[in-house]
**Q** 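Input: one structure, supplied below.
Worth knowing before you read on, the calculation uses all heavy atoms, side chains too, and leaves out hydrogens, waters and symmetry mates. Fair warning: this is a prediction, and the values are worked out from it, not measured in the lab.
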Amino acid sequence: MDAAKSLKKKLALPLIVALIFILLFSVNMPNSNNNSIPKPHGPPVVCSLGVSEQTITPLKNTKHLLVSAYVDQRVKDLDIRIIGIFKRDSIQPLHCAFCCTNFLSKTTPATILQHSDHFGFPFATTDVMCQIPQNCNATHVTLLTTPDKESASDSTWLPIRNQKSDRQKENIKFDFTVCISSLFGDYNNVLQFAQTLEMYRLLGVNRVVIYNTSCGPELNRLLQNYSDEGFVEMVPWPIDKHLNPSRGWLHSQHGGDVHYFGQLTTLNECIYRSMERSRYVLLNDIDEILMPYQHKDLMSLMNTLQNQHPNAGVFLIENHTYPKKPFNQSKWGPLPQWNGVPGFDIMVHIYREEPNRNIYHPHKLIVQPRAVQQTSVHDVLKMSGAKFKVPPDVCRIIHSPISTPTNPPLDQLHVDTRLWDFKDKLLPNVIKVLRRAELLRSETQN
């Protein structure tokens, strides 16, 4: 018995020593959460703490606003295009700073390209071009007023879009994208909006991008429905939080800081947003439909035009106004009575005003986005390739505004019922979308 106790004591001592050794060793071992195990590389902390989640970002120490940044290597020795709204009398030298995959790069000088169209307003759409430094896999970019990269520590960073991985992922997802440049005020023309969007869907449009400052409650509900479906992409556009936007196009007549709620900027932004994912982009307003007259849809139209004009990247479509006139249902046939739906019915706009071509007459655009560097409302400012004016008997704009500056008598107008060619499909689709958004009363007549 004494021998057994003695053996236990001899065994216990080394065991205790071993346990103490293991305990001490484990305390000094690095745990699985500390820095000895490398983590996946992402943007440096200095970038990730200040990445902008807004569509309009004030640029520190300036009066300028930044909107978005895109890869654009079409200009020699430059890699990134930042789209902004700059105060024209306060342009100053700027420097580009980049967040690389695992470090903050040195700065490079910025090239500032102010758009030539600004219609006299103090603020103008402006591109800032940057060169990415060597050995920098850039994920974010910002602009500085001094070349010292340390001043970037409290800057706001823009994510760089259309990166190679994005291009591989999306790679011409859409044939046609429509860009609606600005929605503001209490605009609540639900019926026209629904009819126009469904008409574009029948013509082959895959995506409609809308820059939304504000709109009426019923229209907001409709657009939310379209957004949930994926047909509409809503881009918040709080330009009125930063500037006094004009409701008109000419500063000398309408005042304000920037042209028509920043329309020129949103049109350019939409081109770059769509550049790697859409074959064609249509630049127009919501009360306009770019309508083919000799083809069943936009794709067959563009296939014909592109075959005839292989070097063209910009197609100008002539505007034709359809003023509101009394509609004779006994002559033209019955239409649905849209009880309780705000807005007006574009199907009754069948009288076309002949344009006065002796004075300047505006066009809207169908563009290949990769051919365009800068655009205005009615023409492009910088591009590669050729332009082609499409004859109005091939394609023209059906423009159905709320009001028109002139009111010509019926005998000076032309009857044009092209929209009616689509009504057997169009009207049921409009009824369906309005019901889905709970905007159509049950007693609406078919």
**Q** Look only at the side chain of R221 and the backbone of E438, and say whether a donor-acceptor pair between them is shorter than 3.5 Å.
**A**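 Checking the backbone N and O of E438 against the side chain of R221, a donor-acceptor pair under 3.5 Å is found.
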
**Q** So does E53 have more than 12 non-hydrogen atoms from other groups sitting under 6.0 Å from CD?
**A** no

**Q** Under 3.5 Å, is there a donor-acceptor pair linking the side chains of Q224 and N220?
**A** no

**Q** So do the side chains of P408 and Y351 get within less than 4.5 Å of each other, counting heavy atoms only?
**A**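 No, their side chains stay 4.5 Å or more apart.
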
**Q** Do F344 and H349 have ring centres separated by under 6.0 Å?
**A** yes

**Q** Can you tell me which residue pairs pass the salt bridge (charged side-chain N to carboxylate O under 4.0 Å, His left out) test with a partner in residues 300-322, sequence neighbours excluded?
**A** E318-R357

**Q** Mind checking what makes ring-ring contact (aromatic ring centres under 6.0 Å, His included) contact with F98, not counting sequence neighbours?
**A**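 ring-ring contact (aromatic ring centres under 6.0 Å, His included) check on F98 returns nothing, list empty.
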
**Q** Over 60° means perpendicular and under 30° means parallel, so tell me whether F86 and H64 are parallel, tilted or perpendicular.
**A** parallel

**Q** Is the closest basic N to carboxylate O distance between R436 and E198 below 4.0 Å?
**A**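 Here R436 does not pair with E198 in a salt bridge, since their nearest N and O are not under 4.0 Å apart.
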
**Q** Hey, are the side chains of L290 and N284 touching, using non-hydrogen atoms and a 4.5 Å cut-off?
**A**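 Yes - at least one pair of side-chain heavy atoms lies under 4.5 Å apart.
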
**Q** Between N188 and E218, do the side chains contain an N or O donor and an N or O acceptor separated by less than 3.5 Å?
**A**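 Short answer, yes.
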
**Q** Check this for me: D393, atom CG, are more than 12 non-hydrogen atoms of other residues, nucleotides or ligands nearer than 6.0 Å?
**A**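 Yes, because the 6.0 Å sphere around CG of D393 holds more than 12 heavy atoms from other groups.
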
**Q** Can you say whether the rings of Y280 and F176 are parallel (under 30°), tilted (30 to 60°) or perpendicular (over 60°)?
**A** parallel

**Q** Is any NZ, NE, NH1 or NH2 atom of the basic residue among K382 and D127 found under 4.0 Å from an Asp or Glu carboxylate oxygen of the other?
**A**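 D127 and K382: not salt-bridged.
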
**Q** For residues D379 and S376, is any side-chain donor paired with an opposing acceptor at under 3.5 Å?
**A** no

**Q** For the pair E269 and R161, find out whether any cationic side-chain nitrogen is under 4.0 Å from an anionic carboxylate oxygen.
**A**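 Yes, charged N to carboxylate O under 4.0 Å.
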
**Q** Assess whether atom CD of Q306 is packed by more than 12 heavy atoms of other residues, nucleotides or ligands within 6.0 Å.
**A** yes

**Q** With heavy-atom distances below 4.5 Å as the criterion, would you say the side chains of L283 and S181 are in contact?
**A**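 Contact flag for L283/S181 side chains = no.
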
**Q** Indicate whether any N or O donor in one side chain lies under 3.5 Å from an N or O acceptor in the other, for Q374 and N268.
**A**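 No, no side-chain donor-acceptor pair sits under 3.5 Å.
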
**Q** Under 3.5 Å, is there a donor-acceptor pair between the H361 and N356 side chains?
**A**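 No.
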
